[in-house]
Amino acid sequence: MSKQDIVIRIGGEGGEGVISAGEILSRAAARSQFHFFTFRTYPAEIKGGLAMFQLRISRRQVLSHGSALDVLMCFNQEAFDNYWKELKPDGIVLYDPKYFTPPKAFKNKSIPLELEQISLDSSGTTRGKNIVAVGAIGEMIGIPYDTSAKLVEEIFLRKGEKVVLSNQKALKGACEYSKKAIQKIDLGEPEMSQDEHWLILSGNEALALGAISAGCRFCTGYPITPASSVLEFMARELPGFGGTVIQCEDEISAIGACLGASFAGAKAMTPTSGPGLALMTEMLNLAFMSETPIVVVDVQRSGPSTGMPTKTEQGDLRYALYGSPGECPRVVIAPASVRDCFFEMIRAFNIAEKYQVAVLVLSDQTLANRTTTVKRFDLNKIHIDNRIQPSDEDLKNDIYARYKLTDTGVSPMLIPGDPRGAFIATGLEHDEYCTPGYTPELHSTMTLKRFKKLDTLAADLENGGSQNGHYFMDIPKGAKIGIIAWGATFGPIREALEMAKETGVEIAHLHPKVLWPLPDKQIKEFISSVDKVIIPEENYLGHLSEVIKANYDVKPIQINKFEGIPFTPEELFQNIMEVG
Amino acid sequence: MAEVEAVQAEETRVDKRKATEYKTDLKPIWCPGCGDFGALTAFYNAFAEVGIDTKDVAIISGIGCSGRFGYFIKSYGFHVVHGRVLPIAMGTKVANPDLHVFGISGDGDALAIGGGHIPHMARRNLKMVYVILDNAIYGLTKGQASPTSPEVMKTGTTPTGGFEKPLDPVLLMLAYGATFVARGYTAKYKAVSDLIVKAMSHNGFAVIHAISPCPVFNKNVTFKSVSQLVEDIPEDHDITDRMKAMELALDKDKIHLGLFYQIEEPSLEDKLGLQDRYAMKIDSTARMNDLLERFQ
């Protein structure tokens with residue numbers, strides 16, 4: 001059987017190796033010149049509950065976790081009961097007959113795979129059951145035994161040679177069984193060349209790597225799902241780069257410490273999720289008023305309130321844009337892919353530092369936790385912007401104007417410790433020299449100054465240069481329908497539009513990555529080039545839709561999914577064809 | 001030997017500055033007779049005594065009458081939001097350990113809205129000086145009950161008298177494990193100045209509770225009432241004895257002034273090894289390339 005890509009889902013009790021099997025399989029696939037894209041859901045329970053790991057594997061790059069399943073590996077009955085409906089008509093079920101057997105009425109092909117027995121027979125212990133799953137599925141799609149065996153060695157070496165050997169035996173046993181019992185699926189020849197370097201990254205890892213590469217050297221946070229892994233990553237790695245990470249007593253303290261560090265000259269960020277962002281609001285206002293650069297990452301989860309911490313939602317855009325007392329615009333950036341997580345973080349720091357503003361980066365639970373193959377970043381091509389410091393000319397009269405009125409709105413920023421001057425950053429309305437004042441003239445002048453920075457940024461984005469790539473736009477000839485969307489829905493949309501193209505329908509697509517300031521020129525061009533605008537979002541209200549309606553003369557058709565799980569390309573394709 | 005001492009003395013004298021050098025041109029907005037004037041004078045004097053360079057000072061102040069402090073001292077400063085002096089001071093100090101970081105809060109800023117940060121700052125033992133200017137009232141909002149207001153006190157929000165017990169900042173700090181706990185009274189600004197000088201040389205979180213009466217809105221806690229109760233901590237008090245310090249703080253008849261407690265423990269900077277960390281020469285690109293290898 002040959003296919004372009006296959007979707008494999010492994011389901012079972014949390015803690016029995018479902019996730020580790022998926023992780024090992026994906027790494028083995030990448031080393032065998034496959035591209036992959038993972039999707040996982042976590043049970044809310046610490047241990048137990050249904051855990052699921054989905055892996056889409058292909059020889060070409062895949063942009064989403066796929067739609068229906070080609071292979072469903074069930075560790076138990078619950079996994080089968082929950083997931084069998086998502087199988088393709090020709091999708092197969094692998095099951096461990098020790099735990100359950102699909103009912104006779106079940107039409108799809110079902111193949112027994114005795115996870116525990118094979119492990120026991122080949123290695124003398126049942127502990128290698130997850131490795132048996134890796135071996136059997138790997139063999140089925142053409143991952144060489146040697147590649148998996150090498151990986152098993154790397155993973156288990158710290159547990160001793162005996163454990164390595166035992167797992168390798170289980171792997172071998174599984175491969176041999178698979179050869180006899182499971183039909184191979186041919187995914188074609190590799191497109192990835194062997195000398196190309198591909199990374200296996202999750203969104204949260206890419207965010208953290210991007211932050212460090214951008215020069216972030218101070219990071220604080222308060223543990224919160226699904227952002228904690230960014231904080232943990234930084235805690236592990238940042239000290240090696242000469243930076244500091246502190247877990248704070250709450251999110252207010254976390255963002256406060258970042259503002260203090262930024263005031264003292266460091267590039268600072270704090271990762272959080274919706275409930276944490278809510279606590280940070282007042283500090284974001286202080287950042288705006290005192291013109292202190294800062295980056296806040298919001299890995300969105302299903303809300304409101306505690307909501308569904310382990311599920312996804314694009315529910316924080318309105319809050320990111322507008323959630324502030326007083327007039328406090330923020331720069332909002334939403335990476336659309338794991339690769340974007342790296343580069344958009346660098347953009348976020350560059351903007352924060354260059355324009356002395358708070359930048360909010362909106363990721364989400366699925367983007368955070370998915371892993372995928374990403375072409376290795378060329379660090380030599382990264383452009384870094386730093387805040388402007390005053391020249392000696394600026395300081396010649398012995399009085400430093402921290403909030404100097406300039407053509408760009410951006411004022412040179414002195415770093416404490418610099419003997420050339422002093423200033424007091426402040427959240428009170430103030431004049432150029434930081435002196436508090438409440439006169440009508442002063443407040444209007446300084447309000448204009450602060451807003452001018454955003455105009456400058458919008459113009460700089462428009463003019464490209466180092467800031468380019470802040471949107472994706474594709475308007476194929478003859479396209480009558482146009483999709484505008486944001487964030488992690490990018491991949492499923494691209495694949496849905498591929499499906500439409502195969503049926504002869506061309507659809508345009510605009511995907512701003514910087515959501516504020518909006519790519520005004522492109523949105524106007526896009527809207528005028530199509531008859532209908534569709535905005536699919538993983539939320540109930542349609543946040544981007546509201547923004548577009550408020551700012552442009554268009555009535556978008558909304559497609560909203562608010563189930564805590566992401567769009568699949570298939571459902572998007574069907575929805576778009578229906579409403580379009 | 002005497003010669004060496006004479007030279008050192010000469011150098012110290014040269015380093016010393018005039019208190020007025022630290023004054024800005026801004027006139028304090030405080031009401032006449034405000035206790036905070038005494039605290040400000042104490043700061044000018046302490047800075048002159050130490051001979052500190054203004055570029056090395058960062059004053060982080062919160063909201064309330066005390067929040068304006070930073071505008072009147074020539075130095076770097078950050079006038080922040082209500083109750084968040086300590087987190088911002090922490091970020092400032094950790095990012096640049098060469099700075100002398102001072103936090104200034106009122107009783108509301110420190111103990112009501114910002115009360116959640118104090119135990120954690122005590123746990124961290126960051127090297128900074130935190131001064132709580134306590135007038136037992138919300139002055140800037142014109143007279144509401146604060147966490148240190150006497151329980152019976154009638155205020156704008158407790159028109160028939162309060163119903164919550166007052167907090168004692170000194171007792172709290174001792175309980176939380178702050179490594180330097182002192183109390184001053186801004187009417188005795190020289191003593192406050194001495195405490196600030198001592199606090200500046202402390203390697204850790206140094207807290208000074210400064211009683212600073214509000215002559216306008218607080219009719220219960222006044223210069224007159226406080227003056228009758230204050231008494232210097234006995235000279236033979238062992239500042240490393242935490243239980244004894246608590247006993248002094250719990251004394252119902254007297255308000256003790258001076259250094260209650262001081263103990264040497266590694267500061268946050270020591271624990272994080274910031275000095276070594278910032279002295280490292282790091283090729284970030286090479287290091288990042290190494291890190292990326294792990295994801296292949």
Side-chain angles (χ1 to χ4, degrees), chain A residues 30 197-201 205 209 212-213 215 217-218 220 237 239-244 246 248-250 252-266 268 282-283 285-286 290 292 374 376-377 379-380 414-428 434-436, chain B residues 24 26 29 53-61 63 67-68 70-71 73-96 98-99 101 116-117 119-121 123-124 268 272-274 277-282 284-285 287-289 291-292 295-296:
Chain A
H197 294 291
W198 289 79
L199 305 168
I200 303 164
L201 285 179
E205 286 164 346
L209 290 166
I212 299 172
S213 301
R217 293 295 178 267
F218 187 87
T220 47
E237 303 300 340
F241 288 84
T244 304
I246 297 171
C248 290
E249 56 271 23
D250 55 33
I252 301 173
S253 178
I255 187 173
C258 282
L259 283 184
S262 177
F263 162 68
E282 193 186 9
M283 287 288 188
N285 291 359
L286 177 63
S290 66
T292 309
V374 180
R376 187 167 169 153
F377 319 119
L379 299 176
N380 296 317
L414 210 57
I415 306 294
D418 191 320
R420 296 180 298 162
F423 73 94
I424 176 162
T426 174
L428 274 178
C434 311
T435 308
Chain B
T24 62
L26 271 188
I29 50 146
D53 203 332
T54 50
K55 75 173 172 61
D56 297 324
V57 175
I59 295 180
I60 318 297
S61 58
I63 298 298
R68 296 294 183 110
Y71 295 98
I73 299 179
K74 254 189 210 160
S75 69
Y76 285 94
F78 202 163
H79 183 199
V80 301
V81 291
H82 199 23
R84 313 302 167 201
V85 165
L86 290 176
I88 291 172
M90 172 169 76
T92 306
K93 179 70 180 174
V94 170
N96 185 353
D98 293 336
L99 294 172
V101 174
H117 302 301
H120 305 283
M121 286 303 284
R123 289 169 59 211
R124 292 180 186 122
L268 182 70
L272 292 174
L274 288 188
R277 195 179 292 184
Y278 293 150
M280 281 195 296
K281 290 232 173 349
I282 299 160
S284 292
T285 307
R287 205 179 164 88
M288 179 53 71
N289 270 319
L291 181 52
L292 292 181
F295 294 93
Q296 273 187 206

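Note: hydrogens, waters and symmetry copies are ignored here, and every other heavy atom, side chains too, is used. The structure presented is a predicted model; accordingly, all values stated were derived computationally and were not measured. Residue numbers begin at 1 in each chain, while the letters A, B, ... track the order of the sequences.
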Quick one: what part of [X] sits under 4.5 Å from any heavy atom of chain A, side chain, backbone, both or neither?
| X | result |
| --- | --- |
| B:Ser284 | both |
| B:Tyr71 | both |
| B:Met280 | side chain |
| B:Ile73 | neither |
| B:Leu99 | side chain |
| B:Asp53 | neither |

Can you tell me how far [atom2] of [Y] sits from [atom1] of [X], rounded to the nearest 0.5 angstrom?
| X | Y | atom1 | atom2 | answer |
| --- | --- | --- | --- | --- |
| A:Leu379 | B:Met288 | CG | CE | 7.0 Å |
| A:Leu199 | A:Leu209 | CG | CG | 8.0 Å |
| B:His79 | A:Leu428 | NE2 | CG | 5.0 Å |
| A:Asp418 | A:Ile415 | CG | CD1 | 8.0 Å |
| A:Ile424 | B:Thr24 | CD1 | OG1 | 9.0 Å |

N-O pairing of B:Arg124 and A:Glu249 below 4.0 Å =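 Salt bridge: yes.
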Which of the residues [options] is involved in the greatest number of heavy-atom pairs with chain A at under 4.5 angstrom?
| options | value |
| --- | --- |
| B:Asp98, B:Val80, B:Val85, B:Leu274 | B:Val80 |
| B:His120, B:His82, B:Lys74, B:Met90 | B:His120 |
| B:Val81, B:Ile60, B:Asn96 | B:Val81 |
| B:Val94, B:Ile63, B:Val57, B:Asp56 | B:Val94 |

Between [options], which shows the greatest number of heavy-atom pairs under 4.5 Å with chain B?
| options | result |
| --- | --- |
| A:Pro419, A:Gly427, A:Gly243, A:Gly256 | A:Gly256 |
| A:Gly265, A:Pro416, A:Ser213 | A:Pro416 |
| A:Ile212, A:Leu259, A:Ile252 | A:Ile252 |
| A:Gly215, A:Ala264, A:Ala261, A:Cys434 | A:Ala261 |
| A:Ser290, A:Cys248, A:Gly260 | A:Gly260 |
| A:Ala268, A:Ala30, A:Pro239 | A:Pro239 |

ask   = Taking atom types as modelled and ignoring hydrogens, do the side chains of A:Thr244 and A:Arg217 form a donor-acceptor contact shorter than 3.5 angstrom?
value =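 Judged by distance alone, the side chains do not pair up.
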key: Pair B:His117, B:Arg84: side-chain N/O donor-acceptor within cut-off below 3.5 Å   =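 The answer is yes; a qualifying pair exists.
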Contact origin within [X] toward chain B - heavy atom pairs under 4.5 Å:
| X | answer |
| --- | --- |
| A:Asn380 | side chain |
| A:Thr292 | side chain |
| A:Phe423 | both |

ask   = Where does the angle between the aromatic ring planes of B:Phe78 and A:Phe263 fall among parallel (under 30°), tilted (30 to 60°) and perpendicular (over 60°)?
value =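 Tilted.
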key: Beyond-backbone contact of B:Gln296 with A:Arg376, side-chain heavy atoms, under 4.5 angstrom   =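 Yes, close enough: below the 4.5 Å cut-off.
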query = Which heavy atom in A:Thr220 sits nearest to a heavy atom in A:Ala257, and how many Å separate them?
reply =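 Here A:Thr220 and A:Ala257 meet closest at CG2-CB, 3.9 Å.
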query = Any idea which heavy atoms bring A:Gly240 and B:Ile282 closest together, and the distance?
reply =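 Between these two residues, the closest heavy atoms are O-CD1, 3.7 Å.
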